Each structure stands twice: as C-alpha cells, then as structure tokens.
Amino acid sequence: MRTVILLCLAVLPAFAEGETPFPTGTSTQKHAGLEYTLILPSDYDASKKYALIIGLHGMNGKAANIAGIFSPLARHGFVVCAPQNSHPGWSQPGVDKAKEILSHLIEKLSIDPDRLHGAAFSQGCGSLSSLVFDKKFHFISASWSMGGSSGGKVPPWGKKEMGIIALVGSEDWGRGAAESTVKQFAKKVKIAECHIEQGVGHEFPSKLQPYHQYWLRVMDGWFEPGEVGFFDWQTDLDAAKKEMAAKKRGGLVYVYSKKDGEGAEA
C-alpha cells in the first residue's frame, strides 16, 4: 500500500493548472547558487506572454534595490529579475549563473523569449555585454547606468530590433564609458541614446528614470504620444526641426486631425 501511495504522489503535477511556481509581487528566490529578487505582475496570467528585464547590480550593490528601480514596469507586462552575485562585483562565472537564472525563468514562466531586456549599474556595466549579446537569448534592449560597455559583438538581429541606452551624471567618472558605448554601437543597433543628468557625480541618475522606463516600454512595442509630460511637444514642425538640428538630437512626430484632435481615437 505504501508503494502505491508514493507512485500516486509522483504523478501529481507540482502546481495546479494556471498557477505559477512563484508568488506574484516581490519575492526572493534562488537558482544556480545565487539568490535573486523576482517581481511578478500582480495580475500575472500564465495564458499571456510577458517581457522580462534582468538587472546587474554594481560593486557591493543590492539586487533588491535594482529590482525596486524597475518595479513600476511590473504594471505594464514586465517580469523583473535582479540576481544577487555572491561576490561584490560581477565576473564571468557570476554572469554565467545569471544566464542560468534567466533560462530557468523562461522555462518556468510565461515569458516571451523575444522580449528580453538587460540593464546594469556602475561596475556591473562591464559585464552586461556578455549577457545581452549572447545569441542564446533574444535581447531587444540594453541599458547602462553610471558606466558603459566593455565591448562585445552585437547579435544578428541588433540592427533591426535592438536598442541601447546609457544614463549617466555629468560629473560621473563613468561618463566617458557611457558616451563611448553609444558611439561604439550606434551603427550596429536600431537605436542608441546617451542621456546625461546635469550636476550628478557617480550616483544613480534618478531624474532620468521616468524617461528610461518609458523608453523600455517603447522598445517593448508600446507607444502612446503625449502620455508623459517630459516631452516638449510642439505644433510648429519647422521650428521643432530647427531646434532638434541645433541640439543634435532627434524627436517624435505625432500627426493627428485638428478636428478630431481632442477625441480619444486621436
């Protein structure tokens, strides 16, 4: 009788249909010998597909803090993951473990494998290329904050699908690396941007985060003109073009009917 009971238990599914092996909201998990902070949308539904962003902390950084930065994205269809390396900084063995965590989450959760985003902060920036340029995964964006890339070969889909962005303070010692990252990959990816927060040293460029998270959502396929207030929308196209040329930067064009401009469809 005991053998029969054990066999019956063995064939039971680990989780009921529609359930997830992880709780919704924020939790601490462990895989490949590393703990990681995981955030699932509160309305997570295994029948839907979600984007995933994975973030690498800086020297002596905390995974929970990195996950917290991206936590608002959980309301917009993102799963957030931040591994806690067992060493103060990141080396290739640690990055390899982060890749194992990523593979594990893709297997266990309803992740769209073509909607992966990678980010790194400070000293973690030097290890990001090894993760986001790995052709085993399909990353469509890479974000460097307080630093830049140490090099690497952009995957074949980079020119049509991948965006890169660097965020840094004007007084940050990592500014040169951030700016050179964009110059290095600008012609190899779909879009490359560098944004500088004035008066900030080697610290988190917090004022750039609203735009960064908006940018991530756009890279993930979402866009709603005028949804955020930090764009300087102008109605004079010629004047806007002259301003962009003077500042050597691009812009967004939103075309609509004046008659229906106030309507929801517009």
Side-chain angles (χ1 to χ4, degrees), residues 53-63 65-70 72-73 82-83 85 87-92 94-95 98 117-133 139-155 158-159 162-219 228-232 243-252:
I53 183 165
I54 181 170
L56 304 181
H57 61 74
M59 186 69 69
N60 296 311
K62 299 296 183 183
N65 294 339
I66 302 303
I69 291 170
F70 296 116
L73 292 173
N85 198 17
H87 299 284
W90 291 93
S91 59
Q92 192 57 48
V95 175
H117 305 263
F121 297 78
S122 191
Q123 289 93 339
C125 289
S127 299
L128 184 62
S129 292
S130 176
L131 175 63
V132 297
F133 294 161
F139 279 89
I140 56 173
S141 85
S143 305
W144 286 268
S145 293
M146 306 159 62
S149 172
S150 58
K153 185 176 180 180
V154 175
K159 189 68 175 178
M162 182 175 262
I164 67 170
I165 191 169
L167 310 166
V168 69
S170 61
E171 312 306 313
D172 195 326
W173 51 256
R175 176 174 175 174
E179 293 177 315
S180 65
T181 293
V182 173
K183 293 177 181 178
Q184 179 182 0
F185 298 120
K187 296 182 179 180
K188 301 176 182 179
V189 296
K190 181 178 180 180
I191 186 170
E193 301 180 9
C194 180
H195 294 272
I196 299 171
E197 183 173 332
Q198 295 300 316
V200 173
H202 191 67
E203 58 188 272
F204 181 60
S206 58
K207 291 183 179 179
L208 297 176
Q209 288 313 299
Y211 175 78
H212 183 205
Q213 297 197 20
Y214 179 80
W215 182 89
L216 285 165
R217 292 175 64 193
V218 171
M219 286 305 305
V228 287
F230 45 75
F231 282 118
D232 183 16
E243 182 178 343
M244 288 187 290
K247 294 183 178 180
K248 297 181 179 180
R249 64 189 302 177
L252 298 171

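For clarity, every value in this text was computed on a predicted model and none was experimentally measured. Count residues from 1 along the sequence.
Considering all non-hydrogen atoms of both residues, Ala82 and Ala63 come closest at O-CB, 3.1 Å. The shortest non-hydrogen separation linking Met162 to Pro155 is CE-CG, 4.2 Å. Of all non-hydrogen atoms in Gly124 and Leu56, the two that sit nearest each other are O-CD1, 4.1 Å. Taking both residues in full, the closest heavy atoms of Gly174 and Val168 are given as C-CG2, 4.0 Å, listed atom of the first, atom of the second, then distance. Nearest approach of Ser180 to Ala177, heavy atoms of both residues: OG-O, 3.0 Å. Scanning both residues, His87 and His57, for their nearest heavy atoms gives O-CE1, 4.4 Å.
Looking at heavy atoms from C-beta onward, Glu197 lies out of side-chain contact with Leu167 at the 4.5 angstrom threshold. Looking at Asn65 and Phe121, their side chains never come closer than 4.5 Å, going by heavy atoms from C-beta outward. Taking the side chain as every heavy atom from C-beta outward, Phe139 and Ile54 approach each other to under 4.5 Å. His117 has its side chain out of reach of Ser143: every pair of non-hydrogen atoms, C-beta onward, lies at least 4.5 Å apart.
Rounded to the nearest 0.5 Å, atoms CE (Met219) and NZ (Lys190) are 5.5 Å apart. Lys153 contributes atom NZ, which lies 9.5 Å from atom NZ of Lys188 (distance to the nearest 0.5 angstrom). How far CD1 of Ile140 is from CD1 of Ile164: 14.5 Å, rounded to the nearest 0.5 Å. If you take OG on Ser149 and CD on Gln184, they are separated by 5.5 Å, rounding to the nearest 0.5 Å. Note that CD1 of Ile165 is 5.5 Å distant from NE2 of His212, once rounded to the nearest 0.5 Å. For the atom pair Leu216 CG and Ile53 CD1, the distance stands at 4.5 Å (nearest 0.5 Å).
Under the 3.5 Å distance criterion, the side-chain polar atoms of Ser141 are left unmatched by any main-chain donor or acceptor of Gly163. Looking only at distances, no side-chain donor or acceptor of Lys187 sits under 3.5 Å from a matching main-chain atom of Lys159. Gln213 places a side-chain N or O within donor-acceptor distance of the main-chain N or O of Ile69, the cut-off being under 3.5 Å.
For the residue pair Ser122/His202, the side-chain donor-acceptor check at 3.5 Å is satisfied.
With sequence neighbours excluded, no residue forms a side chain to side chain donor-acceptor pair (under 3.5 Å) with Thr181. Listed by chain and residue number, Trp90, Gln92, Lys99, Ser127, Ser130, Leu131 satisfy the side chain to side chain contact (heavy atoms under 4.5 Å, CB included) test with Val95 (two or more places apart in sequence, or in another chain).
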Q) Glu193 and Tyr211: side chain to side chain contact (heavy atoms under 4.5 Å, CB included), yes or no, with the steps? A) CA-CA 12 Å; Glu193 301 180 9; Tyr211 175 78; 2.7 Å; yes

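Under the 30°/60° scheme for interplanar angles, the aromatic rings of Phe185 and Trp144 are found to lie parallel.
With respect to Arg175 and Glu179, a salt bridge is recorded, a charged nitrogen being found less than 4.0 Å from a carboxylate O.
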